[in-house]
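Here is the structure we will look at.
Being a predicted model, the structure only gives us computed values, none of them experimental.
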Amino acid sequence: MTATLLKEASPPPVAAARPGRPRRRGRIIALLFAFPALLLLGALVVYPVLFSIGRSFFDASGTRFVGGDNYTEMFHDPATLKAVRNTAVWVVVAPALLTGLGLVLAVLVEKVRWATAFKLLLFMPMAVSFLAAGIIFRLAYDEDPDKGVLNAAVVSVHDAFQGTSPYPEGRAREGGTLTGDADGSYRTRASAAPGDSVALPLVGVPPKDLPADARAAHPAAARRAAPGELRGVVYLDFTPGGGGEQGRVDPRESGLPRTKVEAVRDGRTVASTTTAADGSFSFSGLTAGPYTLKLPASNFAQPYDGVSWLGPALVTPAIIGAYLWIWTGFAMVLIGAGLAALPRDALEAARMDGANEWQIFWRITVPLLAPVLTVVFVTLVINVLKVFDLVYIIAPGPVQEDATVLATQMWLVSFGGGNNQGLGSALGVLLLLLVVPAMVFNVRRFRRSQR
């Protein structure tokens, strides 16, 4: 009986706890918290991707199923093939240059006194939007030296070494003393000999463009040549305010200083000189006989206008240069963070073993930074594949096709006049297929580094 009472009084057995229930509850809670982000991701990423894939199998109107015709047309369109080639140039050149430049700057910044300020200056372009950066470089690359800073610098250096032609707009008057040659030079119609005085009239030079030291040519034209001297005057055959006589040096007509004059005999230049402020020149010591006076083409050459940065040949390198300006700071900061985490004992041990800085850089620093360099390079590859703003803004309309990449071509085909969203969707799918492998590589590398 006692045993029966004890059995009835004992508490009921407790059910064993299921180990999977708390884990399942935690997953549900995590999913609830992640649901808004997943919903947004699905609406902004997954749905557009699936819709673009489906849209790529339809025609421009989106009503007729065409299968893989858009993909076939994509690889037969010359503009698309050029976009693929330009994208390949971007992928090969820009990430490699940025990674190398970022590595060099990160190593050098460690050795300067104001490292933080230097990093700030290099990273500052990242704060500028691609739209603003595109406008800045569109102006910097302008072909007009009065607007484009790059061409202003190029023209200044060129003119410092080569000089400029004094009268690019000058020309001989038709039917006058001078006649033109095929190379742009002018020569006298009639021969001259020592003891003669010759007047060489030019027109086309605006009086406002005359040099400040130009003087009246009439006194020089009135002087007679000395025995054995061949002299003359090069002048602007134009009288301000009207009047005067063509082919005759009038009192109010100006000489053309710094004009090169050559004495030619038997097709060979035997002497050359430059005109004075009043346009006068003279040759002494010439042997007797007839000479032809020549004004070389260098007197009338057009001024050097610089480099056509946004021409068909240089537009892609020019845009890549703008891209480098923006992203160099990004590469330098990431690589600099990896450089700061390097074990200093390995570097010091190498120095104690007698290695110089170049050997330490190539054999220790670069191998240890290889994971960081790979991440930076792959990240830049992904970014380069999607570049759009700079190409669209910097490249002028006439060379837009020469600079186009896949992203700009996709926009142009879909909305920029092509109005073929089926082909544009196919280009978007191609761009996605190119980006996905680089993204997968980066994700796997991050997971391995976390392990």
Neighbour count >12 (heavy atoms, 6.0 Å) for atom CZ, Arg363: no

Between Thr239 and Glu253, a side-chain donor and acceptor under 3.5 Å: yes

Any residue meeting side chain to side chain contact (heavy atoms under 4.5 Å, CB included) with Ala221, in chain and number order, not counting sequence neighbours: Val233, Val249

Exam field: side chain Ser254 to backbone Ala214, donor-acceptor pair closer than 3.5 Å: no

For Arg173, side chain to side chain contact (heavy atoms under 4.5 Å, CB included) partners two or more places apart: Val203, Asp237, Gln246

Inter-residue atom distance Thr273.OG1 - Leu293.CG, 0.5 Å rounding: 11.5 Å

From CZ (Phe58) to CG (Leu423), nearest 0.5 Å: 15.5 Å

Polar contact flag, side-chain donor to acceptor under 3.5 angstrom, Thr269-Glu262: yes

Distance (rounded to the nearest 0.5 Å) between Gln409 CD and Met74 CE: 11.0 Å

Geometric class of the Phe330/Trp327 ring pair [parallel <30°, tilted 30-60°, perpendicular >60°]: perpendicular

Heavy-atom donor-acceptor pair, Thr188 side chain to Ser191 backbone, under 3.5 Å: no

Evaluation steps, side-chain contact (heavy atoms from CB on, under 4.5 Å), between Asn356 and Gln359: CA-CA 5 Å; Asn356 56 38; Gln359 292 172 328; 3.1 Å; yes

Pair Phe300 and Tyr186, ring centroids less than 6.0 Å apart: yes

Aromatic plane relationship, Tyr323 with Phe130 - under 30° parallel, 30 to 60° tilted, over 60° perpendicular: perpendicular

CE/Met126: more than 12 non-hydrogen atoms of other groups inside 6.0 Å: yes

Any donor-acceptor pair under 3.5 Å from Asp59 side chain to Thr63 backbone: yes

With Pro312 via side chain to side chain contact (heavy atoms under 4.5 Å, CB included) - residues at least two apart: Val399, Asp402

Partners meeting side chain to side chain contact (heavy atoms under 4.5 Å, CB included) with Thr316 (sequence neighbours left out): Asn86, Val89, Trp90, Ile320, Ala403

Residues Arg171 and Glu169 bridged, charged N to O under 4.0 Å: no

Rounded distance (nearest 0.5 Å) linking atom OG of Ser61 with atom CG of Asn420: 9.0 Å

Between Tyr71 and Ser56: side-chain donor-acceptor atoms closer than 3.5 Å: yes

Interatomic distance, Met332 atom CE to Leu108 atom CG [nearest 0.5 angstrom]: 11.0 Å

Asn151/Asp142 under side-chain contact (heavy atoms from CB on, under 4.5 Å): CA gap, chis, key distance, verdict: CA-CA 7 Å; Asn151 263 348; Asp142 197 291; over 6 Å; no

Main-chain N/O of Leu324 paired with Thr328 side-chain donor or acceptor, under 3.5 Å: yes

Sequence-distant partners of Arg138, salt bridge (Lys or Arg N to Asp or Glu O under 4.0 Å), two or more places apart: none

Non-neighbouring partners of Tyr141 that pass side chain to side chain donor-acceptor pair (under 3.5 Å), sequence neighbours left out: none

Whether Asp196 side chain and Ala193 backbone form a donor-acceptor pair below 3.5 Å: yes

Pairwise distance OG(Ser165) to NZ(Lys260) - rounded to 0.5 angstrom: 13.0 Å

Any donor-acceptor N/O pair, Glu229 side chain to Ala226 backbone, under 3.5 Å: yes

Partner of Asp278 by salt bridge (Lys or Arg N to Asp or Glu O under 4.0 Å), out of Arg215, Arg258, Arg223, Arg231: Arg223

More than 12 heavy atoms of other groups within 6.0 Å of Phe283 CZ: yes

